[in-house]
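Notes for the one structure printed next.
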Amino acid sequence: MTQAQDAAERIAALRSEIDAHNYRYYVLDEPSVPDAEYDRLFRELKALEAEHPELITPDSPTQRVSGSALAAFGTIRHEVPMLSLGNAFEEQDLLDFDRRVRDGLADELGGAGHDLFGDAVSIEYTCEPKLDGLAVSLLYEHGVLVRGATRGDGTTGEDISANVRTIRNVPLKLHGAGWPEVLEVRGEVFMSKAGFEALNARAMEVGGKTFANPRNAAAGSLRQLDSKITASRPLEFCAYGYGRVEGGSLPGTQYEILQALRVWGIPISRELKLAASVQDCRSYYQDIGARRDALAYEIDGVVFKVNRIDWQRELGFRAREPRWAIAHKFPAREELTELVNVEFQVGRTGAITPVARLKPVQVGGVTVTNATLHNMDEVARLGLMIGDTVVIRRAGDVIPQVMQVVPERRPGDAQPVRVPEHCPVCGSEVERTQLIKRGKGRESVSAGAVYRCVGRLVCQAQLKQSIIHFASRRAMEIDGLGDKIVEQLVDRGLVKSPADLYALTYDQVVQLEGFAEVSTNNLLNAIAASRAPTLARFIFALGIPDVGEETAKLLARTLGSLERVQRALPEVLTYLPDIGHEVAYEIHNFFEEEHNQDVIAQLLGNGVQIQEDGGLHPEFAAYATFPDFIDKLSIPYVAATGAKNLATHFKTVEALISADWLDLSAMKGLNERAKKAVRDYFSDTLHAERARAIEAQLREFGMHWESEKQQVEGLPLAGQTWVLTGTLEAMSRDVAKGKLEFLGAKVAGSVSAKTSCVVAGPGAGSKLAKASELGVAVLDEQAFLEQLAGYGISL
Ligand code: IVH
């Protein structure tokens, strides 16, 4: 075969592969390979066509803009075609672009872009982020939005007028005056990272389809035949250009045009900048690149455009791309590689997590060989098999993730992923955790996604992780007790539980690898210095499943002593903000277990002295209400209203427990079935005793509705629980949290009926929805700032 035949074949293969990817990306909104792979194929095709221009055909993907209109939408013609952008991947590509611009403007600039002294004349460029969404055209006639369209193939797009009208930041009427009679605005419709995550979380809850990334989510949301669905999605618009302009004119530079759009009420990027030269473009690229993770939305690069419109006209277009603009792409965050194996790691609580072993691949400048798979549900959701080609994503410092499988590339001998029957570290049995749902009077059990090694501290892996956690900075803070040392201590059998740390001797430590006199003394001193933890640190250090630092602090603050925390009934714990059923039972079960009791006793025996004030914090005094108490008993057929009516009628727990048929039938606001259920419930003495025990403990802990309510002096938001969601623009969430805590509020991660107020920034999703469902007060950032100002707090 000749070289030309080879090239022709390769070109044909590339074209058909690119066509298939285009179809998946633009029409189905479901790409199967990362952009980096697509870009590589595209570049290869372009290079081959450049070598063999005789093989270029008008239907080559290099000759047109991809995407075609979905037949279900009406189609519209773009009178000014919607084109694409050339890409720069390396700095040299950008410098070459600048050189081509100056060459193209040689007549205007004089002397081929050099001044009298031979220095290059600088070109002024606008710099904008390249948002990763989809291109949309908005047509305004006499200032009124009359049409919205997708790019489609650049000439013909889909009529999505009804859908774009639902995007909240798209003005239906232009503000001010001076706009052309006909003005076609072009820009990107996108979804913020927070909006995307909330949307996927909601989809996951109802078992719906999740999206692979914000771009797909934006495209899938915008191209809905039912605009009500679009309206429910957190879409945003950002303008970057224009198309038709009639009956008026726009300013003479790209920068001024965008400013004019802004004045007319059209959102443009806050990151828009003017660069005096290509050197400034480089700095812009680096600056935004460094802030990429912190931005509220995904960008895949930046776009530089010659600022002067007359020069843009002079430069014109080449095939599908303007000669006056270029996209400088960031290193790809997604790459393709092969899944070589799936191994299982044992964590602190015994959870066995699958880890993907990958054929090494460069992602964003780092070689990736492992990726997290979270749990077996995730493996099932991905449909993952060993041998598969997978899309890997690595963003910032986040652990690389497997995003999806490329089904077309599955080899014939791909193997299913199997959970081992025995722990890979200690050989103990592996059991599947159960999900227990407690409903009205019933418990339903289903298989969970997590597999656990039952070996506990017998399992060296769990023991090591527990000790690492115990010693960590936010727990017992034992300086210098790093992973490697823990490993040695456990491997040599010197430490079989966290309590053994406090019994270590000089002779035992000095024999460890890398230890000498000074280091030994340092470690022993650090261990001794950790002997007086606060109660919160101690609880956190125990490593109770699902009890993080915040929950540990809450337990310590409210109950004041380890003894009370150990004794607390799970039902009583659920009265504390942010502690749900599952966590309450985890806490209770942990302290019930004999082995854990032994370890705690040994810790105290080995000289650990918990700093506790023993007092009950007034913040949660009288937190419980009688109706809530009844509701939480989960008596079948008794819902919140029934509970309220029972509380009003019976007034005390004792009266309710001993209610006879006569009492109940006299009662209003409860149906017969529920009345019977109440009687049946309390005729079981176990239930009656439990209710008495809960009540007694609530009283003892000062949380009973008859306990004296106390005010935390001076703090205006004491006793309130706030939730922050979405993106805050004036301050980070941490700062907002700090301000609220300063005012006495607790800041929780999820919305419940106990939530006092939700602060929702742009992109707020499921938490905001939950708040409105529960009728919880919601503030936007502006209102929040005003409220803070009311308390004398400014930024
Ligand atoms: S200008 C003729 N500016 O990138 C110039 N495009 O790869 C047309 N995009 O279709 C595009 N941010 O969907 C331009 N600031 C920006 C952009 C941007 C994102 C998208 C747009 C376009 C694609 C081209």
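Heavy atoms only: backbone and side chains are in, while hydrogens, waters and symmetry mates are out. Note that ligands are numbered from 1 as they come in the structure, with each ligand's atoms numbered from 1 the same way.
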Worksheet entry | Min heavy-atom dist Gly187 to ligand 1 below 4.0 Å | no
Worksheet entry | Charged tip of Arg233 within 45° of Phe196 ring normal and under 6.0 Å | no
Worksheet item: Do Gln401 and Thr372 have side-chain atoms, one donor and one acceptor, less than 3.5 Å apart?
Response: no
Worksheet item: Any chance the side chains of Glu321 and Ser84 put a donor and an acceptor closer than 3.5 Å?
Response: no
Discussion item. Restricting to non-hydrogen atoms, name the atom on Val406 and the atom on Ser32 that form the minimum distance, rounded to 0.1 Å.
Written reply: CG2-O, 3.2 Å
Worksheet item: Considering only protein heavy atoms, which is closest to atom 20 (C) of ligand 1, and at what distance to one decimal place?
Response: Glu188 OE1, 3.4 Å
Practice prompt. Would you mind checking which non-hydrogen protein atom is closest to atom 18 (C) of ligand 1, with the distance to 0.1 Å?
Written response: Tyr240 CE2, 3.5 Å
Item to complete: Could you tell me which atoms of ligand 1, counted from 1 in the order shown, lie closer than 4.0 angstrom to a heavy atom of Ala135?
Response: 10 (O), 13 (O)
Worksheet entry | Between Phe97 and Phe304, ring centroids under 6.0 Å | no
Worksheet item: What is the closest protein heavy atom to atom 10 (O) of ligand 1, and at what distance does it sit?
Response: Arg151 NH1, 3.1 Å
Worksheet entry | Residues Tyr125, Tyr284; criterion ring-ring contact (aromatic ring centres under 6.0 Å, His included); working and verdict | CA-CA 11 Å; Tyr125 295 101; Tyr284 180 85; over 10 Å; no
Worksheet item: Using 4.0 Å as the upper bound for N to carboxylate O, is an ion pair formed by Asp6 and Arg10?
Response: no
Practice prompt. For ligand 1, note which part of Pro129 has a heavy atom under 4.0 Å away: side chain, backbone, both or neither.
Written response: backbone
Worksheet item: Counting from 1, what ligand 1 atoms have a heavy atom of Leu131 closer than 4.0 Å?
Response: 12 (N), 19 (C)
Worksheet item: To which protein heavy atom is atom 5 (C) of ligand 1 closest, and what is the distance rounded to 0.1 Å?
Response: Leu85 CD2, 3.8 Å
Worksheet item: Between Pro322 and ligand 1, which residue portion shows a heavy-atom distance shorter than 4.0 Å: side chain, backbone, both, or neither?
Response: side chain
Worksheet item: Does any non-hydrogen side-chain atom of Glu338 lie less than 4.5 Å from one of Leu358?
Response: no
Worksheet item: Can you find a pair of side-chain heavy atoms, one from Leu45 and one from Pro61, that are under 4.5 Å apart?
Response: yes
Discussion item. Below the 3.5 angstrom mark, is there an N/O of Lys305, backbone or side chain, next to an N/O of ligand 1?
Written reply: yes
Worksheet item: Which one holds for Val303 and ligand 1: side chain close, backbone close, both close, or neither close, with close meaning a heavy atom under 4.0 Å?
Response: side chain
Discussion item. Side chain, backbone, both or neither: which applies to Lys130 and ligand 1 if a contact is any heavy-atom pair less than 4.0 Å apart?
Written reply: both
Item to complete: Could you tell me which atoms of ligand 1, counted from 1 in the order shown, lie closer than 4.0 angstrom to a heavy atom of Glu128?
Response: 3 (N), 15 (N), 16 (C)
Discussion item. Which residue and atom name correspond to the protein heavy atom nearest atom 8 (C) of ligand 1, and how close is it?
Written reply: Leu83 O, 3.7 Å
